[in-house]
2 protein chains.
Amino acid sequence: MSGRRQRTAAVAESGGTIAPSKSQRAYRLLHDRIVDGTYSPGFRLVLDAIGRELDMSVVPVREAIRRLEAEGLVTFERNIGARVAEIDELEYHDTMETLSYVEGAAISLAAGLYSASDVAAARAINDEMRQSLADFDPVRFTALNEAFHRQLTDVCPNGVLGDVIDTCWKRLARLRQSTFSFVPSRAVPSVDEHDGILALIEEGADPRRIELAVRAHRLATPDAYLHRAQPKP
Amino acid sequence: MSGRRQRTAAVAESGGTIAPSKSQRAYRLLHDRIVDGTYSPGFRLVLDAIGRELDMSVVPVREAIRRLEAEGLVTFERNIGARVAEIDELEYHDTMETLSYVEGAAISLAAGLYSASDVAAARAINDEMRQSLADFDPVRFTALNEAFHRQLTDVCPNGVLGDVIDTCWKRLARLRQSTFSFVPSRAVPSVDEHDGILALIEEGADPRRIELAVRAHRLATPDAYLHRAQPKP
DNA sequence: CATGTCGGCATCGTATACGATTCCGAATCT
DNA sequence: AGATTCGGAATCGTATACGATGCCGACATG
């Protein structure tokens with residue numbers, strides 16, 4: 001998931017050997033659980049309970065949750081508590097739209113920088129996507145789709161833009177678990193569009209043309225697929 | 001500073017009458033001081049001292065700092081402490097570049113939505129910019145420049161994109177204090193470009209054309225002006 | 001004089017404690 | 001029965017306390 005580009009200082013991991021603080025452990029764990037869907041939107045994050053599970057007091061847990069809140073993954077209301085942020089149709093749409101622009105930007109900025117192996121790697125992922133379609137494995141397809149896009153955007157040297165893209169993916173991840181995020185009617189054209197984008201990159205097309213292709217690809221995904229309906233715990 | 005667009009849920013202010021938590025007070029204060037330059041990059045944020053000043057213990061202060069860290073305004077190293085994040089030439093460039101893309105996106109998305117009074121307000125700001133140039137008031141000029149851009153981007157209904165733009169501005173604010181952020185040779189062309197953008201909006205030009213105009217306007221600002229050299233306290 | 005070691009101080013990191021607030025169900029009233 | 005009030009449990013918000021860590025200057029040593 002971590003690409004070639006530089007990360008913004010504030011987000012950079014603190015150096016290697018030092019033991020991470022408890023607050024960082026809590027952040028990582030909660031973050032991962034939210035992103036991988038273990039905690040779905042609306043899930044109540046009770047500080048005490050999390051603290052007990054992670055064998056720490058509430059203080060570091062609160063800090064972790066503050067950070068998640070700032071990233072938009074969690075909502076935290078005074079005297080009420082924290083929940084995994086819901087993602088509604090509007091936010092979903094806005095995130096997709098934003099992603100369409102920033103991905104277009106990132107990939108066009110990276111246009112001259114792709115090595116043959118970058119393109120090969122992306123193509124390999126796309127081939128796997130075709131296979132996952134044949135196997136009718138929507139979960140795998142969705143994961144590979146993110147991998148494909150990240151493979152391309154990670155080459156962009158602009159770390160700030162990369163962070164924005166990360167944030168978008170994190171938000172979308174909250175509903176990626178849902179099989180609704182896989183739209184069968186879009187799957188085949190989508191994979192073909194990937195090939196088209198790779199072809200543009202390989203032939204050294206005008207970055208602006210690549211940008212528009214990427215944007216159109218993203219925006220082609222219908223908005224309609226936000227249906228999740230699970231009662232919140 | 002708050003525009004017409006919706007804010008993302010997580011960032012929304014908690015309702016009106018409820019007293020803000022101490023942690024929120026601390027966040028607001030530190031945030032404002034960083035953005036308005038009271039605390040310049042590299043300034044050491046000592047938890048104890050801040051707590052005493054705000055008449056609270058370190059716990060809420062730490063939470064506030066975590067949030068600022070997530071926004072990239074502060075760096076926080078284990079057992080070392082927190083500082084206002086430095087902004088180096090690379091991050092500055094990347095932020096400007098990102099802003100050029102997302103502002104272009106926001107304004108083109110808002111293209112059909114500008115009312116006559118929106119345009120008039122922006123034009124009024126731009127006229128003030130001309131005046132501030134005549135007065136040679138770089139601080140005012142710089143502030144008005146941000147106001148002009150926000151006046152246009154705030155009309156964009158995409159809240160996620162709006163949050164991204166906010167984040168970019170906050171990062172840039174850390175060096176806006178420096179007179180270096182005012183490049184005399186760019187000032188006149190910049191104001192003229194503003195008029196050009198407004199004209200495109202008024203004549204209902206193709207959003208993509210507006211997008212490219214905005215992007216070019218932003219990118220025309222030279223990178224060179226990052227020279228700050230103050231010893232950190 | 002340059003360098004290395006030690007000790008104390010400043011500061012961080014987190015546990016614990018406790019008041020404040022909200023939620024929820026039971027008892028009461030109409 | 002339905003609405004209302006009340007009380008306790010759950011949970012949050014923050015202060016305080018204290019060990020852990022890093023910084024820096026004093027001192028010793030070559």
Side-chain donor/acceptor of A:R83 to backbone N/O of A:G42, under 3.5 Å: yes
Write down the distance between CG (A:L47) and P (C:dT16), rounded to a whole number of angstrom. 16 Å
Would you indicate which nucleotide in C:dT11, D:dT16, D:dC23 comes nearest to any side-chain atom of B:I80? D:dC23
Spacing of A:R44 atom CZ relative to D:dT11 atom P, expressed in whole Å: 6 Å
Rounded to whole angstrom units, what separation is found between the CD1 atom of A:I50 and the P atom of D:dA10? 17 Å
Round to a whole Å and report the spacing from CZ of A:R78 to C1' of C:dA20. 9 Å
Starting from P on D:dG22, measure out to CD on B:E77 and report it in whole angstrom. 11 Å
Round to the nearest Å and state the distance from A:Y27 atom OH to C:dT14 atom C1'. 21 Å
Please tell me whether A:D118 and A:S115 have a donor and an acceptor in their side chains that are separated by less than 3.5 angstrom. yes
Would you kindly say whether A:S23 and B:R62 are connected by a side-chain donor-acceptor distance under 3.5 Å? no
Nucleotide C:dA15, atom P - distance to CG of A:D48 in whole Å: 12 Å
List the steps and the verdict of side chain to side chain contact (heavy atoms under 4.5 Å, CB included) for A:V35 and A:W169. CA-CA 9 Å; A:V35 168; A:W169 279 116; over 6 Å; no
Which part of the nucleic acid does B:I65 contact within heavy-atom distance under 4.0 Å: base, sugar-phosphate only, or nothing? nothing
Want to settle it: does A:N79 or A:K22 sit nearer the 5' end of DNA chain C, counting the closest nucleotide to each? A:K22
Cut-off 3.5 Å, side chains only: do B:E71 and B:Y27 have a donor facing an acceptor? yes
Touch class at under 4.0 angstrom, heavy-atom based, for B:V46 against every strand present: sugar-phosphate
Given D:dT14, C:dT14, C:dC12, the nucleotide with the shortest approach to the side chain of A:P60: C:dT14
Separation of A:R83 atom CZ from C:dC23 atom P, in whole Å? 10 Å
Per atom distances to the A:S57 side chain, the nearest of D:dA15, C:dT22, C:dT16 is C:dT16
OP1, OP2 of C:dG13 versus side-chain N and O of B:R62: anything below 4.0 Å? yes
B:M56 has a side chain; which of D:dC12, C:dG13, D:dA15 sits nearest to it? D:dA15
